[in-house]
Protein chains: 2
Amino acid sequence: MTFRIMPVTASSAVSSEPRDPLRIYSIAELAREFAITARTIRFYEDEGLIKPRRQGLTRLYSAGDRTRLGWILRGKRLGFSLAEIKELLDLYQVDRTGVSQLRELQRRSRMHIEDLQRRRSDLDAHIKEFEDVEIQVAAELKKRGAETGND
Amino acid sequence: MTFRIMPVTASSAVSSEPRDPLRIYSIAELAREFAITARTIRFYEDEGLIKPRRQGLTRLYSAGDRTRLGWILRGKRLGFSLAEIKELLDLYQVDRTGVSQLRELQRRSRMHIEDLQRRRSDLDAHIKEFEDVEIQVAAELKKRGAETGND
DNA sequence: GTTAACGTTTACGTAAACGTCAATGTGGGT
DNA sequence: ACCCACATTGACGTTTACGTAAACGTTAAC
């Protein structure tokens, strides 16, 4: 039995509700839920990011597919390109039998975490700046209010 | 005298060194420092993100321009579009004489901070997942190591 | 004096991430 | 029988953020 690590699991579901793991979703359903278009979902499939089952031509999405889609969209919100997201997803689908492969996974995982932490620093700095602005504006408004009354 | 709030100041300089505030920079210098091309910098100017002085046709960048450029690039790293970055930068160049304008700034600033905090949540979740993966891989490697010796 | 390194504008090219038709099929309600 | 909502596959269009090349002008080095 192959060793499995799943970053995209029910526990990490983006849309929180604990759903039926056996449920299947239509493309329109997922599009509505995630506020994207069906075109987008099909595009992601073209790019190899999701591979839903098919009933004839019609796509059927599993709970796993849904979670995966949520994960993709979170990656997008974080500013990753689809290519990067694909790479990250692929990281977990590769065969993990060999120790050398585990080491490689470990290495890439670390690199990615370091990247994420750099982003976090950027983000924190950004937030801090805007919080400073808020404070200064509040102070100025208070001063104006004290001087002129209102507007 | 107009009330001024500057999010992009020396204190928030991206590239850390405390430089001469009177220094001027050539386009190639800035390009090297930030590891981008001159084309990119000119493009940002076309888009109204920076407005360097000119000596004839040649662009001369002040320390402020340089800091501003660093801020733009950090915004990019955070996944903002140039249009969004421009909007944020413009936010601070608008006349701030009126109280109503200060309130507007406060409102937009709050909205932006909320956006940034959502991003932070996404990012934290992402980091946590990959840290979990690291832990699991490490554990698996340890187990394998104990069982098989090495590779 | 010409080669190199820097600067300029104008303009066309491109990759990514979809949007937007068009043409078609399918199943359900009235 | 007809409409509506949903599905499909092309295929071309669009926006963003630059890359790249052409054609040209300075300044410094050899």
Side-chain angles (χ1 to χ4, degrees), chain A residues 14 23-62 65-66 68-90 115 119 122 126, chain B residues 14 23-63 65-66 68-90 115 119 122:
Chain A
V14 173
R23 245 202 93 178
I24 56 168
Y25 303 85
S26 73
I27 195 166
E29 252 177 317
L30 289 185
R32 266 193 302 272
E33 179 177 355
F34 290 108
I36 55 179
T37 67
R39 172 71 177 91
T40 298
I41 299 178
R42 291 195 199 100
F43 180 73
Y44 290 166
E45 184 176 349
D46 286 347
E47 299 294 301
L49 294 174
I50 21 176
K51 300 183 202 302
R53 283 168 43 214
R54 296 253 182 165
Q55 192 169 56
L57 285 181
T58 306
R59 294 163 173 85
L60 299 179
Y61 297 86
S62 70
D65 289 331
R66 174 180 161 278
R68 200 177 166 83
L69 181 56
W71 200 86
I72 292 167
L73 295 173
R74 196 180 66 188
K76 282 224 63 190
R77 286 199 302 276
L78 290 176
F80 292 106
S81 72
L82 292 185
E84 288 171 317
I85 292 169
K86 180 177 160 58
E87 216 185 321
L88 291 171
L89 284 173
D90 287 353
D115 176 27
R119 278 167 199 253
D122 279 348
H126 223 79
Chain B
V14 173
R23 245 202 91 179
I24 56 168
Y25 304 84
S26 73
I27 195 167
E29 253 176 317
L30 290 185
R32 267 193 302 272
E33 180 178 354
F34 291 108
I36 56 179
T37 67
R39 172 72 177 90
T40 299
I41 299 178
R42 291 195 198 100
F43 180 73
Y44 291 167
E45 183 176 349
D46 287 348
E47 299 293 299
L49 293 175
I50 20 176
K51 299 182 203 303
R53 283 167 45 213
R54 296 254 182 165
Q55 192 170 55
L57 286 180
T58 306
R59 294 164 173 85
L60 299 179
Y61 296 86
S62 70
D65 289 331
R66 173 180 162 279
R68 198 178 168 83
L69 181 56
W71 200 86
I72 293 168
L73 295 173
R74 196 180 66 191
K76 283 223 63 192
R77 287 199 301 276
L78 292 175
F80 292 106
S81 72
L82 292 185
E84 288 170 319
I85 292 170
K86 181 178 160 56
E87 216 186 321
L88 291 172
L89 284 172
D90 287 354
D115 176 26
R119 279 167 197 254
D122 280 348

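Given the structure is predicted, the values throughout are model-derived calculations rather than measurements.
A 4.5 Å side-chain heavy-atom check between B:D65 and B:K51 finds every atom pair outside the cut-off. The shortest side-chain heavy-atom distance between B:L30 and B:E33 falls under the 4.5 Å cut-off. Two residues are said to be in side-chain contact when any heavy atoms from C-beta on lie closer than 4.5 Å; A:E45 and A:P52 meet this criterion. Contact check for B:F34 versus B:I41: no side-chain heavy atoms found under the 4.5 Å cut-off.
Across the interface with DNA chain C, nearest-nucleotide mapping of A:A83 and B:S26 shows B:S26 to be the residue nearer the 5′ end.
Distance CD1 (A:I85) to C1' (C:dC18): 14 Å, rounded to an integer number of Å. Atom CD in A:Q55 sits about 13 Å away from atom P in C:dT26, given to the nearest Å.
Contact record, B:I85 with B:I72: CD1-O, 3.4 Å, taken as the closest heavy-atom pair.
With values rounded to the nearest 0.5 angstrom, A:I24 atom CD1 is found 6.0 Å from A:R53 atom CZ. For the atom pair CD1 (A:I50) and CH2 (A:W71), the distance works out to 13.5 Å, reported to the nearest 0.5 Å.
With A:F80 as the aromatic partner, A:R119 meets the cation-pi criteria of under 6.0 angstrom to the ring centre and within 45 degrees of the ring axis.
Salt bridge status for B:R42 with B:D46: absent, with no side-chain N to carboxylate O gap under 4.0 Å.
The stretch residues 38-50 of chain B comes close to DNA chain C through B:R39, B:R42, each having a heavy atom under 4.0 Å from the strand.
Axis angle, first five pairs versus last five pairs of the helix from C:dG1-D:dC30 to C:dT30-D:dA1: 10°, rounded to 10°.
The phosphate of C:dG19 (OP1 or OP2) has a side-chain N or O of A:T37 nearer than 4.0 angstrom.
The span of DNA chain D lying next to chain A, judged by atoms under 4.0 Å from heavy atoms, is bounded 5' to 3' by D:dC6 to D:dA11.
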Show the numbers, then the answer: is there a side-chain contact (heavy atoms from CB on, under 4.5 Å) between B:Y44 and B:E47?
CA-CA 5 Å; B:Y44 291 167; B:E47 299 293 299; 5.6 Å; no

